[in-house]
Structure formats: C-alpha cells, structure tokens
Amino acid sequence: MKLMKRIEFFQLVQPLTEKLYSMAFALVPDDLQAEQLVIDSMNAFLLKEKKLVLNKLVDLESKKNAQLLRRTYYKSILRYMCEIGVRRSHQMGETSLVQPAENFRAFFALDPKVRFVMKLRFEGQFTAQEIEEIVQLPKYEVIEKLHNGRFLLLNDLNRGVHL
Amino acid sequence: MMDQNLYSKKIIPYLDGSLSASERSEFEAYVHTHPEFESQIRTKEDELAIVRSLIPTPLIAREALDALETEIRESIMNLLRDEPRNLRGKIKDAWEEWLSR
C-alpha cells in the first residue's frame, strides 16, 4: 500500500476517457461540447476531491483493486458530469443549432437527467443504487426516470411504426 | 396466480437492477421453480434491447481521443498536487512531470 502518484492516477483513469465522452454526449449532443464537458467534469472532480485522491493509500499491483478504484473514480467523475452537464444542457437547449441524428431524436427530446439516467443504466450497467449516488436523487426518482424514459422511447417508436 | 402477478411486476425492476439483494435472490428462486415464467422475462428483455438500441453510443475519432487524453493528463498534472513546501518538493514535482511526458 502506498500513496498514489499523479501519473498513476492518470494511468488509472485513462481507459475511462471514451466512456466519459459517450456519457457526456447524452447530455450535450455535440462533439466539442461533449469533450469540453469531460474536461470540466474531470477538473471539478480534481479540484474537489484532490485531498481524497492524494491521501488515499492504494495497492495498484492488484488488478482487482485497480478495477474497483477505477470504478469508484468513474462514478465520482460522473457525479460532477451530471451536475455540470444537466445545467449546460438546459442552457444549450435554448441556443443550440446542433440537430441530433434522426434515429435518436426521441432520446434527445427527453429531459437531460432522464437521458443521463438511461445512459447510466443501459450503457454503464450501473445498478439503481449506484445511479442514485451519481445523480444524487432518491431511488424512487431514479426508478421513475428509468420507467418514463423507457415508456417515452417505446411510445415514440410505436407511433412511428403506425404512421 | 397471485404469486405470478406479484413476480411479473418485479421483472423490470429485476432487469433494471433496482431490486435489493434479498428481493433479487427471492425472484431468482421463484424463476428457478417456475420455468414457464422465463418466457415473460425474455419478452421484457427483448423490449429492453429495443430501448437500448434507441440510445446513442457515439464514437470519438482517434485524434480527438488523443487530444482529450492529453488535456486530461495536463489537468491531472496541474491540479492534482500539493503545493511544494521546499526546493526538494519542487524538484520532485518537476521530475515527475518530466517522466510523465
């Protein structure tokens, strides 16, 4: 067990970059904005959790420990992403000229927090309890958002089929 | 029959991962003893697969990914450090930064 160096922290979170980008895209459906959201979420995490990261004793020799730690940091970064991204998504909604692809229009018509919760569940494979921690909502609201998202997406699909 | 209705309502929470550990094992035990119930689960699984296909999974270009990783590394190197208290600390930081290039 030893204190983690900065470069070790980078090596630990580096494999998360693509996943973070994909999650960010659910909130801000624009390449550059999504990249910016990843950077801002990471910066917010580093500024707020710096002491926690630097003072934590870790054993990175063990693959299992490293994976567990990576997942813990992933969830923390996503928590900041949710907070920043939902706000940004609302702001973008009023000004954005970016049009999402036709087959995902129904998804991007959903409320940003519903989109994020859906993405966490279906792509991130997070449990309702983990989502609860990430989006900082009570479990019943997480379940409600998952239910609404599913219902609205399937409803939109059925409407399209019947037209 | 009542049991079946009760457990039918639990299919989506089960697939959603929102059941508690005890509810989950209780549900799995019920499915194990009622194989006919599995078709209902499969139908719901198909429905969820459709929902999954309606959620975008964007791909990031290789160059954009490299640039993003570089920015993340710079953020980590700049923000994730205690202020060096003496010359030794400053040299240690500079050495670590040089090594990470």
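Numbered from 1 within each chain, the chains take letters A, B, ... in sequence-line order.
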Check whether [X] and [Y] end up in the same hydrophobic cluster, where Ile, Leu, Val, Met, Phe, Trp and Tyr are linked by side-chain heavy atoms less than 4.5 Å apart.
X: A:Phe151; Y: A:Phe122; value: yes
X: A:Ile143; Y: A:Phe126; value: no
X: A:Ile77; Y: A:Leu52; value: no

Which answer fits [X], side chain, backbone, both or neither, if we ask what part of it has an atom under 4.5 Å from a heavy atom of chain A?
X: B:Ile76; value: both
X: B:Ile12; value: side chain
X: B:Glu69; value: both

So which of B:Leu59, B:Ile50, B:Leu48 has the biggest tally of heavy-atom pairs under 4.5 Å with chain A? B:Leu48
Side chains of [X] and [Y]: closer than 4.5 Å at any heavy-atom pair?
X: B:Ile72; Y: A:Val38; answer: yes
X: A:Arg115; Y: B:Ile55; answer: no
X: B:Glu47; Y: A:Leu154; answer: yes

Can you tell me which portion of A:Val142 sits under 4.5 Å from chain B's heavy atoms? Options are side chain, backbone, both or neither. neither
Structural part of A:Leu153 lying under 4.5 Å from a heavy atom of chain B: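 It is both, since atoms from each part get that close.
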Which atom names give the shortest non-hydrogen contact between [X] and [Y], and what distance separates them?
X: B:Met77; Y: A:Ile7; answer: SD-N, 4.5 Å
X: A:Glu35; Y: B:Leu68; answer: O-CD1, 3.7 Å
X: B:Pro56; Y: A:Glu123; answer: O-OE1, 3.9 Å

Heavy-atom pairs under 4.5 Å with chain B are the metric here; pick the option from A:Asp31, A:Asn43, A:Thr127, A:Ile131 that has the most.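 Result: the option with the highest number of such pairs is A:Asn43.
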How long is the gap from [atom1] on [X] to [atom2] on [Y], to the nearest 0.5 Å?
X: B:Leu54; Y: A:Arg150; atom1: CG; atom2: CZ; value: 13.0 Å
X: B:Thr57; Y: A:Glu18; atom1: OG1; atom2: CD; value: 11.5 Å
X: B:Arg73; Y: A:Thr17; atom1: CZ; atom2: OG1; value: 11.5 Å
X: B:Arg52; Y: A:Lys119; atom1: CZ; atom2: NZ; value: 12.0 Å

Against B:Ser75, only a single residue in A:Leu46, A:Leu47, A:Asp40 fulfils side-chain contact (heavy atoms from CB on, under 4.5 Å); can you say which?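 Only match with B:Ser75 under side-chain contact (heavy atoms from CB on, under 4.5 Å): A:Leu46.
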Using the rule given for side-chain contact (heavy atoms from CB on, under 4.5 Å), can you reason through B:Leu79 versus A:Met42, listing the C-alpha separation, both sets of side-chain angles and the distance that settles it, and then say yes or no? CA-CA 10 Å; B:Leu79 298 174; A:Met42 180 60 82; over 6 Å; no
Considering residues, nucleotides and ligands other than A:Lys75, do more than 12 of their heavy atoms fall under 6.0 Å from its NZ? yes
